[in-house]
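A, B, ... follow the sequence lines: proteins, then strands. Residue 1 opens every chain.
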Amino acid sequence: MARSNDEVAALFQEYADLISITGGDAFRARVYEKAARAIGGYHADVSTLDLKGLQEIPNVGKSIAGKVLEYFDTGSVSAVEELRSKIPAGVRRLTAIPTLGPKKALALYEELGISTIDELVEAVHAERLRDLKGFGPRTEEKILHGIGLLRAAGDRVLVDVAMDLAEDIVSRLSRVTGCLRCAYAGSLRRLRETIGDIDVLAAAKRSEPLMEAFTELPYVTEVVARGETKTSVRTDKGLAVDLRVIPPDSWGAGLQYFTGSKAHNIRTRELAVHQGLKLSEYGLFDVESGGKIVSETEEDVYARLGLPWIPPTLREDRGEIEAGLRGELPDLVTEEDIRGDLHTHTDLTDGLAPLEEMAAVAAERGYAYYAITDHGPDLYMQRMTDERMLAQREHVRELDRAYGGRGGRGGMRLLHGAELNIGPDGGVDWPDDFLAGFDLCVASVHSHFSQGREELTRRIVRACENPYVNIIGHPTTRIIGKRPGIDADLDEIFAACARTGTALEINAHPDRLDLRDADILRARRHGVRFAVDSDAHATIHLAEMRYGVGTAQRGWLTCDDVINTWPEARLRRFLRKGREERGRS
DNA sequence: GCCGTTTTCGGCCCGACTGTTTTCAGTCG
């Protein structure tokens, strides 16, 4: 289940929506949105805070803090209940339909009593919308179209799907004559785990040739809107793409603006306003003279606002503005910093490629070390045995020598490990004496996801306490869009990891990205170390490391936090996990 | 409803596009 912060955040987001729908003060609605976001991202559990503690959360004042307390005291918030009683839940759901916002949703409900999508479809077909002010035939069409998209699961897509498409679009548009610069922006540039639509930005003196090329891309199925500066299309996978064409000297301001996030932009614009400036996608301007100050690069824009350049993965208004003003932005881990992959499979278990092929691609990536971690025997379908594992170890040692081995300059070290299964009681596949033969062990939950919260927590804490478990693999086991994470007390697990010298994995596979960014931020406060791993089951999966690194960046991690950026000697010390006295060499 | 080295009151980001509108409201990002 969700942590109490998420519950409260969802409640206030709903309240903000209800305020908008009922025509309440727009600024009030915005405050609740801001408070919801601040609470969702706050490090401490809000259910443990008092009135004073709650008010230390940004955008939470006396009134909102009081509502949080009311929620935990009584299980509900009377102000929210009051609005809920006025507006059926279905009306709020109507606003999920593209082009249908709070005002139209309220009109539909008040004038026609419509509170479900089905009723809306029926009303459109009966031509009952035409009598409403502000609704015409085109509105009807758009609503039906929007409902179709909503139902066709035209939902958010995983980051890798969007990335592949965006990189292709950028490469095609870059070749258009007159295109001076082209890049993707938006949530994709910020490397969010899912992407709602793709924003592509281009710089050109004339937009027409770019708009033309854009609408004629082979996978474009529909041109939703077409203007001089902005064109929106939909692609055959249902993904929407916007192209914005801006003048070349607005590139920096445009890229900054369209990268977002919205919350980050609001903050940067506020900074501008306080300095008598105005920031828009066309540049940073002096309010009085109207003259343009800077905008050719993002660095210029941030610098004029008194900020260092802020990496896109931090632009979520989670403290990056404050840190930037103080000159304390983290020196984020990058893909180039990654020296090796510590969780990978071969065809000995459920991988697709043999050891040699996996190692060859790892070496091409320039890794200094590479761990093979096939499944242990407890996942019985993998048919692992002691003999097979020991035979693989010999094989790994041979290959290690072939790759330059010990002390070899530029050589890649191969580590032999295993991905252990954390059983229902927290035990793993092998006894200590067998585990002692591995260079490292990843341990992960693969089943019994629905144990009680305490049981699940204890189970993983026990795995951390195993002196041979170095990394907890995909810690929450979530599959994005398919399976929620397990209901464990993550803070207790984070504390156990920090105490025992066990790293938490950031699994880079795009449908996992586990831990997720918000959990990384919390874990970091416990002093936990992390391993960013591909969990590759095929050679192509090794390249998914980029999404794991993006997620690590979104969790504000530096090289010091990530064990697989460390030199081999430091990594090996960490992997000994306080077992030195046992005399392993 | 929150917030403040210009404010304890009066602000609160800004612009594009669409459709129904004859000058603008709604939606979106």
Which part of the nucleic acid does [X] contact within heavy-atom distance under 4.0 Å: base, sugar-phosphate only, or nothing?
X	value
A/Asp242	nothing
A/Lys133	nothing
A/Lys103	sugar-phosphate
A/Arg130	nothing
A/Tyr32	sugar-phosphate
A/Glu228	sugar-phosphate
A/Leu277	nothing

How far, in whole Å, is [M] from [N] if one measures between their [atom1] atoms?
N	M	atom1	value
B/dT27	B/dT21	P	15 Å
B/dC12	B/dT7	P	16 Å
B/dT8	B/dG1	C1'	14 Å
B/dG26	B/dT20	P	14 Å
B/dG10	B/dT18	P	40 Å

Counting side-chain heavy atoms from C-beta on, which of [options] comes nearest to [X]?
X	options	answer
A/Lys230	B/dG1, B/dG19, B/dA16	B/dA16
A/Ile64	B/dG1, B/dG15, B/dC3	B/dG1
A/Ser280	B/dG29, B/dT27, B/dG15	B/dG15
A/Lys262	B/dT18, B/dG26, B/dG29	B/dG29

Practice item. Check each residue of residues 264-276 of chain A for a non-hydrogen atom within less than 4.0 Å of any atom in DNA chain B, then write out the ones that pass by number, or none. Key: A/Ile266, A/Arg269, A/Glu270, A/Val273, A/His274
So, is [X] near the phosphate of [N], with a side-chain N or O under 4.0 Å from OP1 or OP2?
X	N	result
A/Tyr282	B/dA16	yes
A/Lys278	B/dG15	yes
A/Thr139	B/dT20	yes
A/Thr99	B/dG26	no

Point to revise | Toward the 5' end of DNA chain B, by each residue's nearest nucleotide, A/Glu281 or A/Lys62 | key: A/Lys62
Review point. When the nearest nucleotide of DNA chain B is assigned to A/Gly134 and to A/Ala65 on a heavy-atom basis, which residue is associated with the more 5' position?
Key: A/Ala65
Point to revise | Set of residues satisfying salt bridge (charged side-chain N to carboxylate O under 4.0 Å, His left out) with respect to A/Glu212, sequence neighbours excluded | key: A/Arg226
Would you say the side-chain atoms of [X] pair up with the backbone N or O of [Y], donor to acceptor, closer than 3.5 Å?
X	Y	answer
A/Glu296	A/Trp251	no
A/Glu320	A/Glu316	yes
A/Asp164	A/Val161	no
A/Arg190	A/Thr259	yes
A/Asn5	A/Ala44	yes

Review point. Take atom CD in A/Glu328; do more than 12 heavy atoms of anything else shown fall under 6.0 Å from it?
Key: yes
All N/O donor-acceptor pairs, side-chain side in residues 52-67 of chain A, below 3.5 Å, sequence neighbours left out:
| residue | atom | partner | partner atom | Å |
| --- | --- | --- | --- | --- |
| A/Ser63 | OG | A/Lys67 | NZ | 3.2 |
| A/Lys67 | NZ | A/Tyr32 | OH | 3.0 |

How long is the line joining [atom1] of [X] and [atom2] of [N], in whole Å?
X	N	atom1	atom2	answer
A/Leu106	B/dT27	CG	P	10 Å
A/Asp199	B/dG15	CG	P	18 Å
A/Ile246	B/dG15	CD1	C1'	14 Å
A/Arg138	B/dC17	CZ	P	16 Å

Exercise for review: Look up atom CZ in A/Phe12 and atom CD1 in A/Ile19, then write down how far apart they are to the nearest 0.5 Å.
Suggested key: 10.0 Å
Revision key, fill the gap. B/dT8 -> Watson-Crick or G-U wobble partner, both distances under 3.5 Å, gives none
